[in-house]
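Read through the structure below, which is laid out as structure tokens, and then see the notes.
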Amino acid sequence: VFLDDGAFDGYRGVGRDVTDEVEARREIDYLARFDPLTGLANRTTLNGELAGALKRLNHPGEAFALLLIDLDHFKLVNETQGHLVGDDLLKQVAARLVDVIGNDGLVARISADEFGVVLHAVARPEEAAAVAQTILDTLDRPFDLPNGEVTIGASIGIVCAPGEAEDVATLVRYADLALHSAKNEGRGRFGIFAPEMD
């Protein structure tokens, strides 16, 4: 507010607390990108990471791998011990995966008992296979749950880029084919995508 002579006299206005709105927007944004149970990235964030990694393949020396991880006996735990115990198990799985991957990639929960990992700077299938084996060994160790120890294990499908896939959907499909190949061979193992799987 200014006086007749133009001198500043003060402010007049209204204010309101928008804290709840801002926090609600933050929560919506978080839920759009992360899994609320485990705190890991979700499928949307994983797909965005893959899209960015595919674009970077235009630069020399760029490479990455996608690992799809399916827990072998999670549904049995969920059905016999209840969803709360199942949720506890998923949190422990998530923590172990983050411990294995560290800063070398992105870990995401993409469905009830399926996880995805993007490994950066992995140029050869053998490198991705070594990480996959470490994950299998880690998830094969017993988990401490309220009703005692449980062993579940996992199966993993691997696809490397650059390779056959040129888009995110194809990349995920190839990793899924490799995962199903691993399951068909007896679970508790990893499979690397080969063109004949398609």
Side-chain angles (χ1 to χ4, degrees), residues 35 38 40-54 56-57 62-78 86 89-90 92-143 150-198:
D35 171 49
T38 62
L40 296 177
N42 63 12
R43 183 184 294 274
T44 301
T45 302
L46 178 76
N47 288 345
E49 185 81 5
L50 291 171
L54 283 168
R56 290 190 296 274
L57 290 179
E62 285 289 332
F64 70 93
L66 169 64
L67 280 61
L68 289 187
I69 304 161
D70 187 70
L71 304 182
D72 284 340
H73 303 292
F74 172 74
K75 288 184 177 74
L76 181 62
V77 174
N78 222 19
L89 176 58
L90 289 171
Q92 291 186 48
V93 168
R96 289 190 189 183
L97 290 175
V98 169
D99 283 346
V100 171
I101 303 305
N103 295 322
D104 295 330
L106 173 81
V107 181
R109 180 179 175 218
I110 56 178
S111 69
D113 61 346
E114 191 170 55
F115 296 81
V117 172
V118 180
L119 292 174
H120 299 299
V122 171
R124 296 177 297 127
E126 296 81 12
E127 296 174 88
V131 175
Q133 189 58 57
T134 301
I135 291 172
L136 289 175
D137 294 342
T138 300
L139 297 182
D140 201 40
R141 295 197 321 262
F143 290 87
V150 168
T151 302
I152 55 169
S155 300
I156 302 176
I158 303 169
V159 63
C160 295
E164 310 292 331
E166 296 181 358
D167 60 79
V168 171
T170 305
L171 197 68
V172 172
R173 186 167 63 85
Y174 286 175
D176 200 43
L177 288 170
L179 172 61
H180 284 289
S181 173
K183 285 183 172 183
N184 290 338
E185 290 179 17
R187 298 177 180 266
R189 62 186 67 216
F190 62 82
I192 300 174
F193 175 75
E196 56 266 25
M197 292 179 182
D198 190 13

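Here, residue 1 is the first one in the sequence, and each next residue gets the next number.
Judged as a side-chain contact (heavy atoms from CB on, under 4.5 Å), and not counting sequence neighbours, the contacts of A154 are I69, L71, L136, L139. Take H120 and apply the side-chain hydrogen bond (donor to acceptor under 3.5 Å, both in side chains) test, not counting sequence neighbours, and it matches E49. Evaluation of the ring pair (Phe, Tyr, Trp, His ring centres under 6.0 Å) rule for F190 yields no partner, not counting sequence neighbours. Every residue two or more places apart in sequence or in another chain that forms a side-chain contact (heavy atoms from CB on, under 4.5 Å) with R141 is listed here: R96, T138. Checked against ring pair (Phe, Tyr, Trp, His ring centres under 6.0 Å), Y174 has the following partners two or more places apart in sequence or in another chain: F193.
Counting heavy atoms from C-beta on, the side chains of I158 and V131 never come closer than 4.5 Å. Counting heavy atoms from C-beta outward, L179 and E114 have side chains that approach closer than 4.5 Å. Side-chain contact between I110 and L68: present, with at least one pair of heavy atoms (C-beta onward) separated by less than 4.5 Å. Between F64 and L57 the shortest side-chain heavy-atom distance falls below 4.5 Å. Counting only heavy atoms from C-beta outward, the side chains of N42 and T45 approach each other to under 4.5 Å. Inter-residue side-chain proximity for F74 and V150 is flagged as unmet; no heavy-atom pair is nearer than 4.5 Å.
Heavy-atom minimum distance, C160 versus A65: SG-CB, 4.0 Å. For R43 against S111, the heavy-atom pair with the smallest separation is NH2-CB, 4.4 Å. Across A165 and L54, no two heavy atoms sit closer than the pair O-CD2, 4.2 Å. For the residue pair V122 and A128, the shortest heavy atom distance occurs at CG1-N, 3.6 Å. The shortest non-hydrogen separation linking A108 to L46 is CB-CB, 4.0 Å. Taking each heavy atom of H73 and I152 in turn, the nearest pair found is CD2-O, 2.9 Å.
The CG atom of L50 sits 5.5 Å away from atom CG of L66, with the distance rounded to the nearest 0.5 Å. Expressed to the nearest 0.5 Å, how far CD1 of I156 lies from CD1 of I192 amounts to 11.0 Å. Taking CG of D35 as the reference point, atom CZ of R109 lies at 4.5 Å (rounded to 0.5 Å). Note that CG of L97 is 11.5 Å distant from CG of L106, once rounded to the nearest 0.5 Å.
A donor-acceptor pair shorter than 3.5 Å cannot be found between the side chains of T44 and N47.
Sorted by first and then second residue, the pairs that involve residues 165-176 and meet salt bridge (Lys or Arg N to Asp or Glu O under 4.0 Å), not counting sequence neighbours, are R173-D198.
Under a 3.5 Å cut-off, the side chain of D113 and the backbone N or O of K75 do not form any donor-acceptor pair.
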| field | Derivation of the side-chain contact (heavy atoms from CB on, under 4.5 Å) call for L89 and N78 | value | CA-CA 9 Å; L89 176 58; N78 222 19; over 6 Å; no
